[in-house]
Amino acid sequence: MSSTPQIIQLPNTLSSTPLREVLDGLSKPTGQRTLPTILLYDECGLRLYDDITTKAPEYYLFAAEEQILCDDAPEIIRLMHGGGPVRNGEILLELGAGALRKTSHLLRAAAEISPREPTPAVTYLALDLEKRELDRTLSLMSSSDLGPQLEGRVRIGGLCGTYDDGIAYSTYSTDYEETPPIHFLFLGSSIGNFTRPGASDFLRSLPLRPWISTSESSETPFGDTLLLGLDHDNRPELIERAYNDPAGHTRKFIMNGLAGVRRAFEEAGMSKEVISAFEEDQWDYQEAYNTVEKRHEGRYLSLSRKSITLEGQTVVIEAGEAVHIEYSYKYSEAAAQSLFNDSNLKPLHRWTSANGLYSLWLLHRPSFSFPITLNIPTVEQKAEIQMEPFSIRAKPQFSTIPTLEEWEEMWKLWDTVTLGMIPPGMMMQKPIDLRHKCLFYLGHIPTFLDIHLSRLLQEPNTEPDHFKYIFERGIDPHVDDPTQCHPHSEVPEADDEWPSLESILSFRDRVRIRLKSVYGKLDSGELSTKGIFEKKAMRVLWMTYEHEAFHVETLLYMLLQKAGDSDGTRPPPGVPIPDWLALSRRWSRRLQEEKQLDSRVVLGPADVWLGHDDSEERDMDATLPEGVQHEFGWDNEHPKRKVHVGKFTVERRPVTNGEYYNFWTGQNLKTMPASWVKRDANVMVCTLFGPVSLSVAADWPLMASYEELDSFARAKGGRIPTEAELRLFMDDQNSRGIVNGYNNAGWGYQRWWPEPSSLGTPERNEAPHNGGVWEWTSTVMDHHEGYKSSVLYPGYSSDFFDGIHHVVLGGSFATIPRLAQRRSLRNFYQRNYPYAWIGARIAYDK
């Protein structure tokens, strides 16, 4: 490249200096002393680190990450752009750039999709602490064979400063028209140098904006991303070798950090005695892998007793005392997902090195978030789990009632689906005949909420009052005879008799404001002074929230029937379009790795606890005891009860599309599952992004009616498991990983499609998952001992004790974790209802 890369010296945004951190760290009590990690990364340190990556094969992190980038850089860049074009003015900003060898693969791939222009569309900025090292590495890149390939396509430059300085520099407008996308690169597992809380705080601070797309245009969604390198929780001996190679390259790198201490003390004018106490011959390098905290720990070991004066205080460092200099936290899949949850990030894709030791994650910041609650047990709790396998899992995972923040996220989701995915021309259509027109659901949700708030507060309904007669309750008619239906609202017949969309949205906004005011009255005690029981109010808030969550999923499976039509359902706005080819390759690799695992499990005989204790009659207690959490549930979940199951065998994977397709063609069946569609005589599987080929979705769980899946099970010599059997199976599978750990079934819109089920990774303590569907049971929905119909919602369950509704368990990718992670949750559908996102697995009586 002809031009010299420009390097910008960034203003210092830090509130402290390295000297201040050194003094504070050394002044801590014996056994807790620290030195700042930043000391390792001066100009000499960066070159010594480069020696580690090129001369120490034991340091597997660099080679594993470079292998991924060498093999997959074009795919990474393509997914970074959502499969769309490069946008003029976008930035690639690498945090802690180093020698840039790995980055060159990404820049080459970016250049290949960028047009050659007098002013390049893409700018790459390398952020690092040392200007001279930035000068050297950027000049080498510019003069290398890569330079001409970047000319006119990718401009390269540098930023000299800290991570915080770089973030401050990159924080621009939230408007993509003013500030094009920015793509952060944080490679080398550098996030491992942060504590776990510090890591999530740092990632949350990155100015990543949610992706956007325009409903009216065919433009693909686009937005900011983060490419993050994470080292796995690998074998301790492998990790320790990586950080203490036989040739001593890591030791030289760590020991060079002492030069930073001496330099800071010299610049501060400290005595020679203090400075000489940090000569290299006064210290040794000590390293170890902490198997409890899952981190490598680098320390300086004092070789002699030192008594030094720092800011007028005597500091004594004993011989044999260790001073911490660097952490390197390792991440299992569960820990990675916990990090993403806490950082408000979602994975777009994951690439794993060929040796399985390291991953690159492409992440984005979602428009809304429903984090999975991770209940990782302590050492003491693990002992309790062994004695009572499901005692920890049975405890409530969420606050007693949804927070206002949870409501806000729910409203973002609801508006995304109703206003972003339903075109105006579809509002008066029925995507499926057994449900109302789309517009009904936009009115039903705020009306249901308003009715229950009015009953609680003993106040009039929000105007217009007549909405309650149209929108109070939806329909679930018998599939075989739609004239038979439970009590429901009478809706207008003619399109022009319905309320306008504008009037419904105005009503919705007023009801939302009303809901917020109830929280204020609950917190202030105003409800109690009016004789309204606190627990009853809490149940209303809980019930109406979960009601809305259920209805988003109902609306989505309705909209699925029109997805892909030219005038039908739009893809979810602002959600990156899935790259089915890249996903298929990842799934294929995982399925291949799981081939050696058992595909069936034998369970029972056993006593299984179903449900929980949540008597609505107890709502008349004035308040909950201070600090006590309560787990609300629907009336069919109460009370807790014991059911005995005999010995049985069950498949660990649910029935797949591919398996059922072979059965369907072999039996010459005429009716396809409603989750399938034919295009040009080819069977395809429906998604919210349009149909995909069966080759992509063959290993996904089949979503179909109970009758369809039951016929398949019987043809295979098996049956659908009972509720108690499926509950026992789910408990068993969860116990194979972290209790209530990350479940990649996709709960909470982690993704918007199913995927192949997983048998889990036992050596990494990763629990299996079913691919993202509810699961049918052979148990018919009916009364059970102790059942009492809800007072607030009397017909919720009892209207469907008709012999044709079956219990379903679990949750789909569109089920929020607050629902899916409640062990007692029971859903129910008609046995021949084909539209819901429900799969099944096969059980055998042997």
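Note that the structure is predicted; figures quoted are calculated from it, not measured.
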If we only count heavy atoms from C-beta on, is the [X] to [Y] side-chain gap below 4.5 Å?
X      : Y      : answer
Leu230 : Tyr358 : no
Glu297 : Glu326 : no
His183 : Tyr124 : no
Ile182 : Phe184 : yes
Thr220 : His81  : no
Phe689 : Pro572 : yes
Glu151 : Arg116 : yes
Ile76  : His105 : no

Keeping the roles fixed (side chain from [X], backbone from [Y]), state whether a donor-acceptor pair exists under 3.5 Å.
X      : Y      : value
Asn234 : His232 : yes
Glu406 : Thr403 : yes
Ser189 : Gly192 : no
Trp283 : Ala277 : yes
Gln286 : Tyr300 : no
Ser338 : Ala334 : no
Arg196 : Glu293 : yes
Arg155 : Leu150 : no
Trp351 : Trp361 : no
Ser142 : Leu138 : no

About how many Å separate [atom2] of [Y] and [atom1] of [X], when rounded to the nearest 0.5 Å?
X      : Y      : atom1 : atom2 : value
Asp128 : Cys160 : CG    : SG    : 8.0 Å
Phe222 : His364 : CZ    : NE2   : 14.5 Å
Leu127 : Ile167 : CG    : CD1   : 9.0 Å
Leu357 : Lys330 : CG    : NZ    : 10.5 Å
Leu79  : Ile577 : CG    : CD1   : 11.0 Å
Leu404 : Lys516 : CG    : NZ    : 7.5 Å

Polar side chain donor-acceptor pair, [X] to [Y], under 3.5 angstrom:
X      : Y      : result
Thr37  : Asn193 : no
Thr162 : Asp165 : yes
Ser343 : Ser200 : no
Tyr327 : Asn290 : no
Thr30  : Arg33  : yes
Gln67  : Asp71  : yes

Which pair of non-hydrogen atoms, one from [X] and one from [Y], has the smallest distance, and what is that distance?
X      : Y      : value
Cys44  : Asn256 : SG-OD1, 3.5 Å
Ser369 : Asn344 : CB-OD1, 3.4 Å
Ser190 : Tyr163 : CB-OH, 4.0 Å
Tyr331 : Ala199 : OH-CB, 3.8 Å

Legend entry - Within 6.0 Å of CG in Asp523, more than 12 heavy atoms from elsewhere: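 Yes.
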Under a 4.0 Å N-O cut-off, is there an ion pair linking [X] with [Y]?
X      : Y      : value
Arg262 : Glu280 : no
Arg204 : Asp201 : yes
Glu133 : Lys131 : no
Arg101 : Asp50  : yes
Glu409 : Lys412 : yes
Glu333 : Arg350 : yes
Arg20  : Glu311 : yes
Glu43  : Arg132 : yes
Glu65  : Lys102 : yes

Inset, instruction - Let me see the working for Ser144 and Gln149 under side-chain contact (heavy atoms from CB on, under 4.5 Å), right down to the final yes or no. - result: CA-CA 10 Å; Ser144 71; Gln149 298 177 50; over 6 Å; no
[X]-[Y] aromatic ring centre distance below 6.0 Å:
X      : Y      : answer
Phe265 : Phe278 : yes
Tyr41  : Phe253 : yes
Tyr243 : His296 : yes

Legend entry - Phe186 and Phe202 aromatic ring geometry - parallel, tilted or perpendicular at 30°/60° bounds: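 If you compare the ring of Phe202 with that of Phe186, the planes turn out tilted.
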Inset, instruction - Output, in order, the C-alpha distance, side-chain angles, deciding distance and verdict of salt bridge (charged side-chain N to carboxylate O under 4.0 Å, His left out) for Asp51 and Lys252. - result: CA-CA 10 Å; Asp51 286 344; Lys252 291 177 185 176; over 6 Å; no
Legend entry - Full working for salt bridge (charged side-chain N to carboxylate O under 4.0 Å, His left out) between Arg251 and Asp245: CA-CA 8 Å; Arg251 186 183 187 282; Asp245 60 281; over 6 Å; no
Inset, instruction - Just do the salt bridge (charged side-chain N to carboxylate O under 4.0 Å, His left out) check on Asp415 and Arg512 with the steps written out, would you? - result: CA-CA 13 Å; Asp415 294 346; Arg512 288 178 178 178; 3.0 Å; yes
Legend entry - Option among Leu228, Leu203, Thr225, Leu206 that satisfies the side chain to side chain contact (heavy atoms under 4.5 Å, CB included) test with Leu345: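 Filter result, single survivor: Leu203.
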